[in-house]
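Reading through the structure tokens given below for one structure.
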Amino acid sequence: MLSAFAQLERAFILARTREGRERARAQGRRFGPKPKLSEQQIAHARDLLREGRGLREIGALIGCHASTLSRTLQKEEETA
């Protein structure tokens with residue numbers, strides 16, 4: 001019997017949490033870690049990439065790892 005009440009309470013907790021997250025998203029809140037690169041850095045990296053520079057070189061100029069830069073550029077392409 002106690003197990004049934006625990007499961008019911010857990011379902012209520014999950015529903016309240018989900019609703020709270022949806023409200024926060026509707027208000028414009030973002031979840032997760034903050035982006036490592038600003039929009040200006042991403043635009044600058046794209047310009048350098050068009051010039052023919054490599055990701056490692058661009059990463060060194062901007063101050064981030066090449067994989068971070070690659071992942072950020074890939075995410076930008078997916079959203080565009």
Side-chain angles (χ1 to χ4, degrees):
M1 191 70 181
L2 288 176
S3 174
F5 286 126
Q7 288 177 351
L8 181 64
E9 180 62 25
R10 181 68 181 149
F12 287 149
I13 291 170
L14 290 173
R16 286 192 303 265
T17 303
R18 189 178 325 106
E19 291 169 5
R21 290 177 63 89
E22 288 172 3
R23 264 195 316 273
R25 272 197 199 105
Q27 293 174 354
R29 282 260 157 94
R30 296 189 59 178
F31 296 97
K34 292 184 179 181
K36 298 289 182 189
L37 300 174
S38 68
E39 292 296 324
Q40 293 83 12
Q41 288 174 317
I42 294 170
H44 183 60
R46 271 203 202 98
D47 292 339
L48 292 173
L49 198 60
R50 281 188 209 109
E51 291 177 6
R53 297 195 182 198
L55 288 176
R56 287 184 182 175
E57 183 181 1
I58 297 170
L61 290 171
I62 292 178
C64 70
H65 197 270
S67 61
T68 302
L69 181 60
S70 174
R71 191 171 43 250
T72 302
L73 291 173
Q74 187 176 24
K75 284 181 185 177
E76 291 289 319
E77 287 177 7
E78 289 175 2
T79 58

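Taking Ile, Leu, Val, Met, Phe, Trp and Tyr as hydrophobic and joining them when side-chain heavy atoms fall under 4.5 Å apart, one finds F5 in a cluster with M1.
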Just list the side-chain donor-acceptor pairs under 3.5 Å for residues 44-60, sequence neighbours left out, or say none.
from, atom 1, to, atom 2, distance (Å)
D47, OD1, R50, NH1, 2.9
R53, NH1, E57, OE2, 3.4

Using atom types as modelled, flag every donor-acceptor pair under 3.5 Å from a side chain in residues 70-80 to any protein atom, sequence neighbours excluded.
from, atom 1, to, atom 2, distance (Å)
T72, OG1, T68, O, 2.8
T79, OG1, K75, O, 3.3
T79, OG1, E76, O, 3.0

Which donor-acceptor pairs under 3.5 Å do side chains of residues 28-40 form with protein atoms, sequence neighbours excluded?
from, atom 1, to, atom 2, distance (Å)
S38, OG, Q40, OE1, 3.3
S38, OG, Q41, N, 3.3

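For E9, the side chain to side chain contact (heavy atoms under 4.5 Å, CB included) partners are F12, I13, R16, not counting sequence neighbours.
Between E22 atom CD and R25 atom CZ the span is 7.5 Å, to the nearest 0.5 Å.
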